[in-house]
Amino acid sequence: MIDSSPPLLHYYGKLKRLPPQIPTPDQRNDLPDGTALVEEYCQLPLIDLSCLSSTNEKVRLGCADAICRASSEWGFFQVVNHGISPELVRNMRREQVKLFQTPFDKKVACGVLDNSYRWGTPTATCPKQLSWSEAFHIPISKVFEQACYGEFSSLREVMVEFAAAMSKLARLLAGVLAENLGHPRGVFENICQESNCFLRLNRYPACPISSEISGLVPHTDSDYLTILSQDEVGGLQLMKDSKWVAVKPNPDALIVNIGDLSQAWSNDIYKSVEHKVMANRKKERYSIAYFLCPSYDSLIGSCREPSIYRKFTFGEYRSQVQEDVKRTGRKMGLPRFLL
């Protein structure tokens with residue numbers, strides 16, 4: 001049987017400078033520093049977006065307030081009645097699974113979807129920096145180009161529809177957040193043009209080493225806003241009150257989280273919260289994320305004065321993040337841009 005998974009176990013062994021081994025389940029020395037085991041799921045704020053189109057003004061304002069309050073207090077929330085049909089999500093998941101079932105060597109070499117295939121963590125220098133996952137990180141501008149799909153022609157139609165639906169939802173939510181701070185709902189329309197945004201297809205293979213290894217290492221998102229569609233397996237954790245808490249999957253909901261740029265733009269009113277994905281010993285996990293991003297030359301400044309961050313371009317921010325990760329193994333993020 002041809003293996004579709006990347007050689008993560010070999011990579012893990014190489015990082016440990018030892019032959020690949022499978023520790024016993026009670027060994028916890030592979031936990032990331034400062035991480036506690038999570039015993040319970042948290043209850044993320046759950047928001048019914050159909051209320052935004054209610055004829056009752058009080059209901060509309062209450063829904064918008066719930067979005068903004070969750071963005072300030074949690075940096076994360078869930079949305080239902082979001083306008084993306086269950087059938088579209090199922091079709092997208094089916095095509096995603098087919099794509100990842102392609103033999104690993106072919107995924108690396110075939111150049112599908114603008115050479116967007118990634119696996120592991122190229123900058124990792126020790127096991128705790130390794131992400132046990134693979135992904136296609138695709139510019140939205142390439143989603144519409146038929147030549148990018150090669151033999152995966154059935155993927156294009158559903159991905160175009162899915163990307164358009166996620167884009168519409170992201171702009172709706174960004175408009176609510178902007179209006180809450182006294183700005184027009186359309187303030188992000190020119191800043192975050194479709195060609196600057198990304199869609200990321202993720203697969204987290206079952207991990208034989210430990211259920212405590214990171215499927216995706218702790219990080220914050222470098223965009224304005226992220227929308228996540230995940231399967232029923234679970235594994236997403238976020239930092240809340242200085243503790244890691246797990247997010248229970250909801251089959252009817254999408255997860256939304258605030259990115260670094262929204263935190264900087266809002267002068268820390270909205271919070272970009274550290275999060276990660278834990279690997280699963282027995283089950284693989286799939287998710288799809290949409291990232292609302294500006295162009296690399298866009299200037300990021302506070303919507304209020306006095307600002308607590310200096311102005312910076314998105315390109316400058318991304319370069320600094322990449323430099324930090326390469327040098328230290330982790331993202332330093334916004335603190336580097338404090339005045």
Side-chain angles (χ1 to χ4, degrees), residues 44-45 47 52 61 63-77 79 140 166-198 218-228 238-242 255-275 289-325 328 330-339:
L44 281 183
I47 299 170
L52 286 178
L61 293 176
C63 183
D65 180 67
I67 292 170
C68 299
R69 189 168 61 252
S71 299
S72 297
E73 297 176 1
W74 285 81
F76 270 80
F77 55 94
V79 294
I140 293 296
M166 292 288 260
S167 174
K168 181 179 179 181
L169 177 57
R171 282 159 173 73
L172 171 67
L173 295 169
V176 170
L177 294 173
E179 194 171 55
N180 179 59
L181 297 181
H183 292 262
R185 280 207 172 202
V187 70
F188 291 108
E189 288 295 330
N190 292 328
I191 298 172
C192 299
Q193 295 181 3
E194 193 67 21
S195 58
N196 303 322
C197 301
F198 291 85
H219 66 287
T220 58
D221 289 352
S222 299
D223 58 353
Y224 276 108
L225 190 75
T226 304
I227 303 176
L228 179 73
L238 60 91
M239 187 64 72
K240 177 65 174 170
D241 299 327
S242 301
I255 291 176
V256 181
N257 68 274
I258 298 301
D260 297 341
L261 301 189
S262 284
Q263 179 167 327
W265 181 78
S266 70
N267 234 12
D268 277 2
I269 292 176
Y270 304 136
K271 300 298 191 296
S272 181
V273 171
E274 194 172 34
H275 54 284
Y290 178 92
F291 300 95
L292 184 67
C293 302
S295 64
Y296 276 83
D297 59 359
S298 289
L299 189 64
I300 313 301
S302 171
C303 68
R304 293 182 175 181
E305 296 295 341
S307 176
I308 61 177
Y309 299 100
R310 69 173 178 84
K311 289 182 170 61
F312 55 88
T313 67
F314 183 44
E316 180 186 1
Y317 187 71
R318 291 291 299 155
S319 295
Q320 184 64 63
V321 166
Q322 291 164 4
E323 181 182 326
D324 287 342
V325 170
T328 69
R330 67 180 290 117
K331 174 182 175 180
M332 305 301 288
L334 286 175
R336 283 198 171 278
F337 293 85
L338 287 167
L339 285 171

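Just so you know, residue 1 is the first one in the sequence shown, and it goes up from there.
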Note to self: Tell me the closest heavy-atom pair linking Ala178 and Pro184, and the distance in Å.
What the structure shows: CB-O, 3.8 Å

Check: For Ile255, which of Val79, Ile227, Leu228 qualifies under side-chain contact (heavy atoms from CB on, under 4.5 Å)?
Finding: Leu228

Next item on the list: Give the C-alpha distance, both sets of side-chain angles, the deciding distance and a yes or no for side chain to side chain contact (heavy atoms under 4.5 Å, CB included) between Ser302 and Ile308.
Entry: CA-CA 8 Å; Ser302 171; Ile308 61 177; over 6 Å; no

Next item on the list: State, to 0.1 Å, how close Ser72 and Tyr270 come at their nearest heavy-atom pair, and which atoms those are.
Entry: OG-CD2, 3.7 Å

Next item on the list: State plainly whether the residues Glu194 and Arg171 are in salt-bridge range, i.e. N to O under 4.0 Å.
Entry: yes

Item checked: Nearest-0.5 Å distance, OG of residue Ser298 to CG of residue Leu261 -> 9.0 Å

Next item on the list: For Leu44 and Leu238, run side chain to side chain contact (heavy atoms under 4.5 Å, CB included): C-alpha distance rounded to whole Å, both residues' side-chain angles, the deciding distance at 0.1 Å, then the answer.
Entry: CA-CA 10 Å; Leu44 281 183; Leu238 60 91; 3.7 Å; yes

Checklist line | Heavy-atom side-chain proximity of Thr220 to Gln263 below 4.5 angstrom | finding: no

Next item on the list: Would you check if Leu177 and Cys68 make a side-chain contact, meaning some heavy-atom pair closer than 4.5 Å?
Entry: yes

Item checked: Pairwise side-chain contact, Tyr224 with Ile300, heavy-atom cut-off 4.5 Å (strictly under) -> yes

Note to self: Checking Leu292 against Leu173 for the side chain to side chain contact (heavy atoms under 4.5 Å, CB included) test, could you report, in this order, the C-alpha distance in whole Å, the side-chain angles of both residues, the deciding distance, and whether it holds?
What the structure shows: CA-CA 11 Å; Leu292 184 67; Leu173 295 169; over 6 Å; no

Next item on the list: Compare every heavy atom of Gly333 with every heavy atom of Asp324, then report the nearest pair and how far apart it is.
Entry: OD2-N, 4.4 Å

Notebook entry, point to check: Tell me, do Ile140 and Ser167 make a side-chain contact under 4.5 Å, heavy atoms counted?
Noted result: no

Notebook entry, point to check: Quick one: does His275's side chain have a donor or acceptor within less than 3.5 Å of a partner on Met239's backbone?
Noted result: no

Notebook entry, point to check: Considering only heavy atoms from C-beta outward, does the side chain of Ile258 approach that of Val273 to under 4.5 Å?
Noted result: no

Notebook entry, point to check: Hey, are Ser295 and Asn196 close enough side-chain-wise for a donor-acceptor pair under 3.5 Å?
Noted result: no

Note to self: Ignoring hydrogens, what is the shortest heavy-atom contact between Lys311 and Gly301? Give both atom names and the distance.
What the structure shows: CG-CA, 4.1 Å

Item checked: Member of Phe337, Tyr296, Trp265, Phe291 meeting the ring-ring contact (aromatic ring centres under 6.0 Å, His included) criterion with Phe314 -> Tyr296

Check: Where do Arg310 and Phe312 come nearest, in terms of heavy atoms and distance?
Finding: O-CD2, 3.1 Å

Item checked: Option from Arg330, Lys240, Lys331 for which salt bridge (charged side-chain N to carboxylate O under 4.0 Å, His left out) with Glu274 holds -> Arg330

Checklist line | Side-chain heavy-atom pair Asn267, Ser307 within 4.5 angstrom cut-off | finding: yes

Check: Is it the case that Tyr309 and Asp260 place a side-chain donor and acceptor less than 3.5 Å from each other?
Finding: no

Margin query: Using every non-hydrogen atom in the two residues, find where Glu179 and Arg185 come nearest and quote the distance to one decimal.
Written below: OE1-NE, 2.9 Å

Item checked: Glu323/Arg336 ion pair, N-O < 4.0 Å -> no

